[in-house]
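What's counted below: heavy atoms across the whole structure, side chains too, no hydrogens, waters or symmetry copies.
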Amino acid sequence: MLSKSHIKLITSLKQKKYRLQHGFFVVEGVKTIKELLQSKLTLHALYTTESFNIDAKDEILITEVELKRISFLTTPNKALAIFKIPKAKLIEQNGLILALDAIRDPGNLGTIIRLCDWFGVKDLVCSKETVDCFNPKVIQATMGSITRVHISYVDLEVFLNETNLPVYGAFMDGKTVYGTQLPEKGILVMGNEANGVSKEIEALINEKISIPRFGDLQATESLNVATATAILLSEFRRG
C-alpha cells in the first residue's frame, strides 16, 4: 500500500535540497534497479508492480496506477526504488581522472558517467556548479554505471591547484588530440556546454587539446560535450 508519507518523500526527492536533506535518491526501471541491488548501495524502499523476491520489509507491492502517481517518467517502468546516497570517498590521484567544469545537462552527465565506466575512469571530479549526479534524469541516463564510478563534487579551482598530475583541457583552439602524446596518468577537463572551460580553470591547464573538424564546410560550431568526452577518452586509452 502506498501511503501519503511515501508519496511525499518520493516526490520531494526530485529536488536536490531534499535529496541532501534526506540522504536518498530515486531510481526507476527494473534493469537499473536490479543492477543497483547487486552493488554496495543500500536500498531504502522498493515500490514495484511485480515482486523482486527480496526482503519483504524493503519491498512494497503497488498497482500501475500508484506507480504512475510517484514516477518521474512519462511512461513508468514497473518499479521505483529509493537508495541511500553513499558517503564521499577520497579521490585517488593515480590514474586517469575526468573533471567537469559546470556541466548543466542531466543527460550529458549521465552519458559521461557511462563513458567513465566504459573507459575504466574510476574518478569523476565535478565542479560544484555541475548538475547533481543523483538527479533522477542523470540516474536514468547512467543505466547503472553510477555504481561503478566514484563521483566527487569539489572546488575545481582548488583541486587543480593542488594536484601533481598533468592537466589537459578540451578547447576549440587546442592542439589536435591526434598528434598529442597522452599520459596514462592525468586529468582531462571538459567544459560547460555553452561556454566551454571557464577562464579560472583555463589558467590551471597545462595543455589544451582539441578534436579537429574534417567536414568540407567547417560549419559545425562544436561537438556535444558527451560526444567530445567519448572521443578524447578513447584517445587517452589508445596508449
Pair Glu157-Leu204, side chain to side chain contact (heavy atoms under 4.5 Å, CB included): steps then yes or no: CA-CA 8 Å; Glu157 199 172 345; Leu204 300 169; 3.7 Å; yes
Full working for side chain to side chain contact (heavy atoms under 4.5 Å, CB included) between Val197 and Asn192: CA-CA 6 Å; Val197 176; Asn192 173 266; over 6 Å; no
side-chain hydrogen bond (donor to acceptor under 3.5 Å, both in side chains) evaluation trace for Gln140 with Thr32: CA-CA 8 Å; Gln140 201 69 27; Thr32 305; 5.4 Å; no
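Annotation: side chain of Phe24 is in contact with side chain of Lys84 (closest heavy-atom distance under 4.5 Å). Using a 4.5 Å heavy-atom cutoff, the side chains of Pro166 and Ile187 are not in contact.
Smallest separation of non-hydrogen atoms from Leu165 and Asn206: O-OD1, 4.1 Å. When all heavy atoms of Pro106 and Lys137 are compared, the closest pair comes out as CB-CB, 3.6 Å. In terms of heavy-atom proximity, Ile10 sits nearest to Phe72 at O-CZ, 3.2 Å. Nearest heavy atoms, Glu129 versus Ala102: CB-CB, 3.9 Å. Residues Cys126 and Ile151 approach most closely at SG-CG2, 3.9 Å, considering heavy atoms. Heavy-atom minimum distance, Arg237 versus Leu96: NH1-CB, 3.8 Å.
Tracing side-chain contacts under 4.5 Å through hydrophobic residues (I, L, V, M, F, W, Y), one never reaches Leu20 starting from Tyr153; they form parts of separate clusters. No path of Ile, Leu, Val, Met, Phe, Trp and Tyr side chains, each step under 4.5 Å between heavy atoms, connects Val189 with Ile231, placing them in separate hydrophobic clusters. Linking ILVMFWY side-chain heavy atoms closer than 4.5 Å, directly or via other members, places Leu98 and Ile146 in a single hydrophobic cluster. Note on Leu100 and Val225: same hydrophobic cluster, where clusters join Ile, Leu, Val, Met, Phe, Trp and Tyr whose side-chain heavy atoms are under 4.5 Å apart, directly or indirectly. One hydrophobic cluster, built from ILVMFWY side chains closer than 4.5 Å, cannot hold both Val154 and Ile103; they sit in different ones.
A salt bridge links Glu202 with Lys199; the closest basic N to acidic carboxylate O contact falls under 4.0 Å. Ion pair Asp117/Arg148 flagged as a salt bridge, since at least one NZ, NE, NH1 or NH2 atom sits closer than 4.0 Å to an Asp/Glu carboxylate oxygen. Taking a cutoff of 4.0 Å between a charged side-chain nitrogen and a carboxylate oxygen, Lys128 and Asp155 do not qualify as a salt bridge.
A cation-pi geometry, defined here as NZ or CZ lying under 6.0 Å from the six-membered ring centre and within 45° of its normal, holds between Lys208 and Phe171.
One N or O on the side chain of His150 and one on the backbone of Lys89 form a donor-acceptor pair closer than 3.5 Å.
Defined by atom type and a distance below 3.5 Å, a donor-acceptor pair is present between the side-chain atoms of Asn108 and Glu193. There is no side-chain donor-acceptor pair under 3.5 Å between Glu59 and Thr48. Inspection of the Glu35 and Thr147 side chains reveals no N or O donor paired with an N or O acceptor under 3.5 Å.
Taking the six-membered ring where tryptophan is involved, the planes of Phe236 and Tyr168 are perpendicular, since the angle between them exceeds 60° and thus also 30°. Between Phe25 and Phe134, the ring planes lie tilted relative to each other; the angle falls in the 30° to 60° range.
The aromatic ring centroids of Phe83 and His44 lie 6.0 Å or more from each other.
Leu36 CG to Leu46 CG: the interatomic distance, rounded to the nearest 0.5 Å, is 11.5 Å.
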